[in-house]
Amino acid sequence: MTRFNWLKPLMPKAGLTPLTLDSATNDRDFIEGHMDPIYLLDIDGQIIDCNEKLALLLGHNKQEVLTHFAEFTLPADLDRVSNHFHRALSGHEETYTCQAIHRDGRRLTLQLTNIPAYDKHLITGVYGIARDITYEQSLETDRTQLLLERDLLSDTPGLALISFTKDGMLTDCSPALASWLGNVPKTYASFLHHVTPSDRPLLDTLWHALLTEETLEGPVSFSLTVGSNSHVLSGKMASFGDVVRGAFSDVTEQETLTRSLRERDQQLQSLYQYVDASVYERNLLTGKYAFYTHGVESLFQVTLDEINRRSLDYNERIHRNDRAKVRAAHADAESGREHRIVYRTQFEEDVKWIEERLIPQFDDSQRVISVMSVARDITRIKAQEEQIWQLAMHDSLTGLPNRSLFLHELADWIERDEQVAVLTFSFNSIHRINHDFGYAVGDDWIVATTSALLHQAPAKSFVGHLGGDEFMLLTGYTDEETLDATCASLLHLGQNYIEVGPYEWRPPVTIGISRYPHDSSIPEELLQYANTALGRTHLAGSDSVVYYASNFNIDSYRKHQLGKDLRRAIDEDELFLEFQPKVDAWSGRITGAEALVRWQHPEWGRIPPNDFIPLSEESDLHIKLADWVLDRTCVALHGWQTRNLPVVPVSINVSPKRLLHGNYTETVKRVLKRHGVMPSLLEIEILETDVLSDSVKIHETLDQLDAANIRVALDDFGTGYSSLSYLQQYPIKSIKIDQRFAADLHENKKTQGIVRTILFMAEEFAMDVVIEGVETLEQLETVRRLNCRTVQGYLFSRPLSHQAFETALEERFLATMETAGPAGVRQAFSLEANVTIHKFHDRELQIGSTPVLLTKSSLRSLHFYARVRLPITDAIELKLLLPYQGEEIPIFIRLLGITELESDLFEYEASYLHPGEAHRVVTALQHHLT
């Protein structure tokens with residue numbers, strides 16, 4: 001095929017009419033005049049011929065184009081173009097698009113058609129026709145992008161798109177707008193129906209302007225109302241040909257916020273206009289005030305011109321004593337720290353108190369650019385604070401300083417004076433007067449004693465009210481003689497009668513004293529110590545004036561140690577129960593028992609309940625202790641049931657504090673159920689004095705116990721204000737007559753009459769009666785004669801251990817045993833002395849002493865009586881202070897044994913640590929006897 005004859009097979013594909021071309025020139029004219037670029041590729045892909053249009057399309061001259069097609073093909077499309085080329089060489093006609101590279105680097109999008117070129121029935125090349133579709137492709141891309149953007153805009157929440165033809169028919173509505181309208185309007189008129197009536201004229205004017213193709217500037221805003229919902233739209237409308245299109249944003253929130261801000265601004269304007277407080281902002285760069293309220297002018301009495309001319313913190317209207325403080329506060333705020341300051345302003349004679357808050361304002365770089373001030377007049381508040389302080393720091397009845405002000409004054413005295421005495425002063429009469437004459441007379445008594453004390457108090461002293469008819473007094477002193485003289489003068493108040501209306505009393509005055517710096521340098525401790533000393537004036541044998549001493553006596557020390565150890569004792573099973581039988585007065589048959597808690601202290605030995613039960617009630621331990629007794633009693637009852645013993649009801653003592661805590665009845669029922677004990681086997685004993693408070697809670701608890709078939713007994717009957725009313729009101733099933741009635745029952749007719757009355761009353765009320773403290777056969781005989789069935793006392797049995805009581809239950813009966821009667825009669829051959837604990841676990845103690853009564857001594861041991869229980873252990877070393885010829889001789893001893901007598905009296909046997917000291921005791925006893 002000649003160079004130009006290759007055109008002939010191409011002509012039908014190009015839609016040309018076959019013509020006879022007699023010369024190459026005609027072929028060339030046709031090729032060059034063809035509207036599209038035409039080219040011929042050999043089997044290697046070389047362009048071997050083309051027309052000028054191909055060269056012009058690629059930006060090259062014709063000679064530069066005659067090269068391999070890969071030179072003009074985008075590398076990314078080369079493999080695909082090559083595949084189409086080889087399919088054309090295989091006899092297929094291929095039409096496809098690809099990217100070509102223009103000489104200037106631009107990319108061209110071409111549509112190529114490849115046709116196999118035959119020569120004598122053999123494919124010898126490929127014909128190619130190229131069409132530049134770059135522009136069409138760009139338009140299609142733009143169209144696709146516009147359609148995508150339209151879809152995105154249509155789906156954007158808060159964006160409403162709508163289109164109408166100019167004859168008012170709807171052509172498009174975005175989903176957001178459709179959801180607001182509910183039903184998509186089909187016409188402009190139906191759409192206008194949803195527009196708020198006040199906005200319809202504006203929108204209608206816009207519509208007619210667009211129909212006439214007027215040019216409109218600026219957005220339009222209107223409201224759509226559908227039911228109770230409303231949307232504020234803002235946007236533009238435009239006409240394109242026969243279509244009117246609108247695009248709007250939902251600015252409802254912005255409108256609401258703008259309206260809110262506008263209202264807030266109006267409120268602030270009103271606030272600035274009418275508020276009494278001063279609010280201003282001062283720009284630190286210009287020194288000017290950005291804004292201020294009218295309160296600035298009224299509070300500081302300045303004009304706007306004065307505010308802008310000078311700074312308020314240097315204004316002469318600020319009290320001169322506070323100017324430095326105000327200046328420092330402003331400097332602090334300007335450095336970036338918020339500050340609150342209270343100061344005074346003074347306008348002639350008018351002084352006001354101002355509270356100002358200074359708030360620094362920062363820019364984006366955290367630099368302070370201004371200071372905001374909020375100030376208010378607190379003059380009235382200051383006056384009220386002064387009144388409140390007076391009320392808070394003074395007693396309302398006496399007008400004297402109370403404890404808080406007294407301590408504040410004491411602290412000032414300590415800083416100022418070298419020696420200060422704190423006196424607590426008591427007239428010791430208020431409780432009796434309140435009880436006998438009522439609280440109104442009691443108040444008059446307090447006022448009268450206040451006046452008497454103020455007249456008698458030393459000059460330059462400070463007097464405060466402690467409570468009741470007790471007072472506090474501060475005075476300076478040089479030595480104890482001057483302090484004694486002051487106290488002696490105050491004691492004269494107890495030598496004269498003090499009149500209150502028609503009454504008059506001569507009070508038993510007592511004084512407690514603590515001293516600074518002798519006793520403490522802490523005001524609270526000094527007052528506490530003086531009060532402690534005042535309390536010691538009430539002890540037997542004490543003087544009317546007592547100086548505070550930091551040392552304990554043995555009994556106080558012992559109680560202090562027991563208080564610390566009690567919680568551990570409950571947790572570590574140091575407590576145990578003993579059971580004192582209740583027996584039939586005629587047969588001695590055991591009819592019941594009282595569970596008594598005991599404590600076997602590892603160091604102090606056996607501790608009586610009167611020592612540790614009051615300690616438990618000073619904290620929450622009384623709850624734990626009461627519940628422990630309840631649980632162990634039920635454990636014992638269950639054990640006796642399991643052993644098939646003749647189980648009898650057991651009573652436990654319960655304090656009113658435990659009855660007031662929680663639901664005690666539920667606690668008892670739960671414990672009974674856990675141990676499988678019948679409620680009728682448990683009895684709750686409460687003291688007669690416990691029901692005198694007439695507590696609703698206690699009453700309810702006792703009723704609940706009775707409803708649960710748990711008996712309630714009234715203990716120590718006759719010791720309180722015995723009343724038939726509470727025997728009637730409370731569910732009492734048993735009365736225990738106090739042991740003091742049994743003491744002289746056999747010889748006192750009045751006592752017998754009282755007991756006989758109680759027995760008759762109990763019989764009428766269907767109550768059981770138990771007489772406590774029966775210790776002699778004479779007492780028992782009288783009880784029998786009075787026909788009392790049940791007794792309890794040492795005549796039949798002391799409290800028994802768990803095992804001993806089990807043995808008694810097995811035997812069922814107890815025999816009487818005559819006792820020696822009350823002990824504690826002082827022997828003629830005796831000597832009063834004092835004893836203290838010298839060492840405890842080899843550690844020396846500095847505590848006070850306790851009185852004892854020496855009775856006898858040998859060369860190895862001595863005997864004495866004491867009313868305090870001491871442990872029998874080698875860990876304690878005692879020091880006996882033996883009085884002899886006006887001196888106290890220390891004798892060191894260690895206890896060997898103890899005998900518990902009646903009336904809380906104990907007899908001790910002790911050995912001498914230094915046997916050579918025995919003769920001193922013997923000599924002292926003999927000397928005292930002679």
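Counting from 1, the numbers follow the sequence of the chain as shown. Side chains are part of it too, since the values below use all heavy atoms of this structure and drop only hydrogens, waters and symmetry mates.
- Side-chain contact of N114 with H84: a donor-acceptor pair under 3.5 Å is absent, judged by distance alone.
- Using a 4.5 Å heavy-atom threshold, the side chains of D172 and L170 count as separate.
- Between atom CD1 of residue I38 and atom SG of residue C50 there is a gap of 10.0 Å, rounded to the nearest 0.5 Å.
- The environment of R674 atom CZ is dense: over 12 non-hydrogen atoms of other residues, nucleotides or ligands sit within 6.0 angstrom.
- Side-chain atoms of T225 and T196 form a donor-acceptor pair, as typed in the model, at a separation below 3.5 Å.
- Remark: R380 pairs with Q384 by the side-chain contact (heavy atoms from CB on, under 4.5 Å) rule, at least two apart or across chains.
- A salt bridge does not link D36 with R131: none of the charged nitrogens is closer than 4.0 Å to a carboxylate oxygen.
- A tilted orientation is assigned to the rings of F164 and F191, their planes being inclined by 30° to 60°.
- Taking the six-membered ring for Trp, H102 and F72 have ring centres at least 6.0 Å apart.
- Donor-acceptor pairing under 3.5 Å is lacking for the side chains of T73 and Q99.
- In this structure, F85 and N83 have side chains that are not in contact, with every pair of non-hydrogen atoms separated by 4.5 Å or more.
- By the neighbour-count criterion of 12 heavy atoms within 6.0 Å, atom CG of D364 is sparsely surrounded, having that number or fewer from other residues, nucleotides or ligands.
- Checked against the 6.0 Å centroid threshold, F248 and F222 count as a close aromatic pair.
- A distance of 10.5 Å separates CZ of R670 from NZ of K673, quoted to the nearest 0.5 Å.
- The main-chain N or O of R344 is found under 3.5 Å from a side-chain atom of D322 such that the two form a donor-acceptor pair.
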Step-by-step side-chain contact (heavy atoms from CB on, under 4.5 Å) determination, K325 to I341: CA-CA 8 Å; K325 178 169 64 173; I341 184 174; 3.4 Å; yes
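- Remark: D77 engages R80 in a salt bridge, criterion side-chain N to carboxylate O under 4.0 Å.
- Between R337 and D332, at least one side-chain N (NZ, or NE/NH1/NH2) sits under 4.0 Å from a carboxylate O, which counts as a salt bridge.
- Within a 6.0 Å sphere centred on NE2 of H193, other residues, nucleotides and ligands contribute 12 heavy atoms or fewer.
- Salt-bridge formation is not detected for the pair D204/R200: no Lys NZ or Arg NE/NH1/NH2 atom is positioned less than 4.0 Å from an Asp or Glu carboxylate oxygen.
- Electrostatic pairing of E356 and R340 does not count as a salt bridge here, judged by no charged N lying under 4.0 Å from a carboxylate O.
- Smallest separation of non-hydrogen atoms from V368 and G336: CG2-CA, 3.7 Å.
- Residues Q111 and T97 have side chains that never bring a donor and an acceptor to within less than 3.5 angstrom of each other.
- No donor-acceptor pair closer than 3.5 Å links the side chain of H92 to the backbone N or O of A88.
- Here E355 does not pair with K382 in a salt bridge; the nearest charged N to carboxylate O distance is not below 4.0 Å.
- Here the side chains of W180 and N229 are not in contact, with every heavy-atom distance at 4.5 Å or above.
- Atom CD1 of I47 sits about 7.5 Å away from atom CG of L58, to the nearest 0.5 Å.
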